[in-house]
Q: 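Just dropping this structure here.
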Protein chains: 2
Amino acid sequence: MKESIEKHLKEKGLKITNQRKAILEAFQNPEKHLLTAAEVLEIVSKYTDKLNFSTVYRNLETLTEVGILKRINLDNGINNYELDIENHHHHHLICLSCGDAKTIDYCPFDEMRISNKQLQDFTPVDHKLEIYGYCKKCGNNMSCDKLNKKQKVSK
Amino acid sequence: MKESIEKHLKEKGLKITNQRKAILEAFQNPEKHLLTAAEVLEIVSKYTDKLNFSTVYRNLETLTEVGILKRINLDNGINNYELDIENHHHHHLICLSCGDAKTIDYCPFDEMRISNKQLQDFTPVDHKLEIYGYCKKCGNNMSCDKLNKKQKVSK
DNA sequence: GTTAATGCAAAATCTTTGCAGAGAT
DNA sequence: ATCTCTGCAAAGATTTTGCATTAAC
């Protein structure tokens, strides 16, 4: 575990438990940086004793509160999390076929804010931009739509 | 009910029932065009006999499938719906205090698509931009955060 | 030793589904 | 008459919570 994270935890009076370390390890994979609670549990279980669901949920919540993780709610309605510490602002390209999420660095928000009148009566705190479509690998393949569990377009 | 909607339903072989009409009526309020299943049920129940939850859910699903409604999943993880028929493309400004969602017409996507390399390997199908903050009425008031039910920042 | 975290089980929340009866065309 | 829709009840999925025990500091 990075010392910056460890420091962060200690500052907030949070203890460094094996479960917490295991959960944070799960987010170290740059190929899959967006994880659901179920995915965290699955990954962790490969290496350690299986954690309890409530431990995972409580930690995702706690780590989000202290700013180590960031919660991202995708269109399927399931909460996803990613490491937020020392991370630059970004958005996501989400593949409707394989469910993979890539980051996209570009953010149109600042420019938009200047040119848009409707935004002048509003105090923005956060924003999110998600682009749904098909990644290079999946092309236009509509099968195995991981994201369509709740977002059903057709039965 | 607008004839365009009625026509749409008939074309798809869907029947025009009182429940369906009541649900669609609920979306006629321009002050609150984004509704959850629970909100639809509540609004409808003021004017008609209470509908069953499954009727509401099934209709929101069906009406989304045929393109009369559009599903929007906000950060609290609850599905919201809005009328989509004859509606121009737009995004949302969502107030973290009162939960109100206003539409914003401006869309940065086309411009972004041209200038961004990462988007060239991706086939976009849909995108969403949501801006969370405080509306004019609520200012910086953090109380009664309707949206924070699941999105909890603090207990 | 004190305080926070875990595991378990139970519940809460939102949503979906099977089936018999009712309603629309 | 046909085919869809509704209401009910039951179940599914994800997430939250209370409480006793365990682990970190």
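Below, each value reflects all heavy atoms present in this structure, side chains not excepted, and no hydrogens, waters or symmetry copies. No experiment lies behind these values; they were computed from the predicted model shown.
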Q: Less than 3.5 Å apart, which donor and acceptor atoms pair up between the side chains of residues 110-118 of chain A and the rest of the protein, not counting sequence neighbours?
A:
unit_1	atom_1	unit_2	atom_2	d
Ser115(A)	OG	Glu111(A)	O	3.3
Ser115(A)	OG	Met112(A)	O	3.4
Asn116(A)	OD1	Gln118(A)	N	2.9
Asn116(A)	OD1	Leu119(A)	N	3.2
Gln118(A)	OE1	Asp105(B)	N	3.1
Gln118(A)	NE2	Thr103(B)	O	2.9

Q: Check Lys128(A) with Asp126(A), please: is the shortest side-chain N to carboxylate O separation under 4.0 Å?
A: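 Judged by the 4.0 Å cut-off on N to carboxylate O distance, Asp126(A) and Lys128(A) do not form a salt bridge.
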Q: Rounded to the nearest angstrom, tell me the gap between atom CG in Asn76(A) and atom C1' in dC14(C).
A: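 Distance check: Asn76(A) CG to dC14(C) C1' gives 14 Å.
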Q: Summarise protein proximity over nucleotides 20-25 of chain D in one line of letters, 5' to 3': B for base, S for sugar-phosphate only, - for none, counting protein heavy atoms closer than 4.0 Å.
A: ---BBS
Q: Rounded off to whole Å, could you give me the CD-to-P distance for the Glu61(A) and dT6(C) pair?
A: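 That distance rounds to 14 Å.
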Q: Using the rule that Ile, Leu, Val, Met, Phe, Trp and Tyr join whenever any side-chain heavy atoms are under 4.5 Å apart, tell me whether Leu74(B) and Leu96(B) fall into a single cluster.
A: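 Yes, Leu74(B) and Leu96(B) fall within the same hydrophobic cluster.
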Q: Hey, does the side chain of Asn59(B) come within less than 4.0 Å of dC5(D)'s phosphate (OP1/OP2), counting only N and O?
A: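 It does not, given that no N or O in the side chain of Asn59(B) lies less than 4.0 Å from OP1 or OP2 of dC5(D).
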Q: May I ask you to evaluate whether Arg58(A) reaches the phosphate of dA5(C), defined as a side-chain N or O under 4.0 Å from OP1 or OP2?
A: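 The answer is no; no side-chain N or O of Arg58(A) sits under 4.0 Å from OP1 or OP2.
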Q: Quickly work out the Phe53(B) CZ to dA13(D) P distance and round it to whole Å.
A: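 Between P of dA13(D) and CZ of Phe53(B): 20 Å.
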Q: Using the rule that Ile, Leu, Val, Met, Phe, Trp and Tyr join whenever any side-chain heavy atoms are under 4.5 Å apart, tell me whether Leu69(A) and Ile16(A) fall into a single cluster.
A: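 As far as the 4.5 Å side-chain criterion goes, Ile16(A) and Leu69(A) are connected within one cluster.
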Q: Please give, in whole Å, the distance from dA22(C) P to Gln19(B) CD?
A: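 That distance rounds to 14 Å.
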Q: Looking at Lys32(A) and Glu39(A), is any side-chain nitrogen of the basic one under 4.0 Å from a carboxylate oxygen of the acidic one?
A: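 Looking at Lys32(A) together with Glu39(A), the answer is yes, because their closest N to O distance falls below 4.0 Å.
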Q: Give a yes/no on whether any side-chain N or O of Asn79(A) is located under 4.0 angstrom from OP1 or OP2 of dT15(D).
A: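 Checking dT15(D) against Asn79(A), a side-chain N or O does come within under 4.0 Å of OP1 or OP2.
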Q: OP1 or OP2 of dT16(C) versus the side-chain N and O atoms of Ser54(B): is any pair under 4.0 Å?
A: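 False: Ser54(B) side-chain N/O out of range (4.0 Å or more) of dT16(C) OP1/OP2.
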Q: If I take atom CD1 in residue Ile78(B) and atom P in nucleotide dT16(C), what distance separates them, rounded to the nearest angstrom?
A: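 So the CD1-P distance, Ile78(B) to dT16(C), works out to 13 Å.
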Q: When you compare the side chains of His92(B) and Glu130(B), does any donor N or O come within less than 3.5 Å of an acceptor on the partner?
A: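 Checked: His92(B)/Glu130(B) side chains show no N/O donor-acceptor pair below 3.5 Å.
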Q: Is Tyr57(B) near enough to dT15(C) that one of its side-chain N or O atoms lies under 4.0 angstrom from OP1 or OP2?
A: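 Yes, within the criterion.
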Q: What is the distance, to the nearest angstrom, from the CG atom on Leu51(B) to the C1' atom on dA22(C)?
A: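 After rounding, the gap between these two atoms is 15 Å.
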Q: Taking everything shown except Asp49(B) itself, do over 12 heavy atoms lie less than 6.0 Å from its CG?
A: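 No - once you tally the heavy atoms of other residues, nucleotides and ligands closer than 6.0 Å, there are 12 at most.
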Q: Report yes if some heavy atom in the side chain of Tyr81(A) is under 4.5 Å from a heavy atom in the side chain of Leu35(A); otherwise report no.
A: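 No, every pair of side-chain atoms sits at 4.5 Å or beyond.
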Q: Could you list the protein-to-nucleotides 10-12 of chain D atom pairs, N/O on both sides, closer than 3.5 Å?
A:
none

Q: Rounded off to whole Å, could you give me the CG-to-P distance for the Asp75(B) and dT15(D) pair?
A: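 Asp75(B) atom CG is separated from dT15(D) atom P by 14 Å.
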Q: Between P on dT14(D) and CD on Glu42(A), what's the gap in Å once rounded to a whole number?
A: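 Taking atom P of dT14(D) as the reference, CD of Glu42(A) is at 12 Å.
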Q: OP1 or OP2 of dC8(C) less than 4.0 angstrom from a side-chain nitrogen or oxygen of Asn52(A), does that happen here?
A: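 Yes, such a contact exists.
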Q: Is Ile104(A) reachable from Val125(B) through a run of hydrophobic residues whose side-chain heavy atoms are each under 4.5 Å from the next?
A: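 In one cluster with Val125(B): Ile104(A), no.
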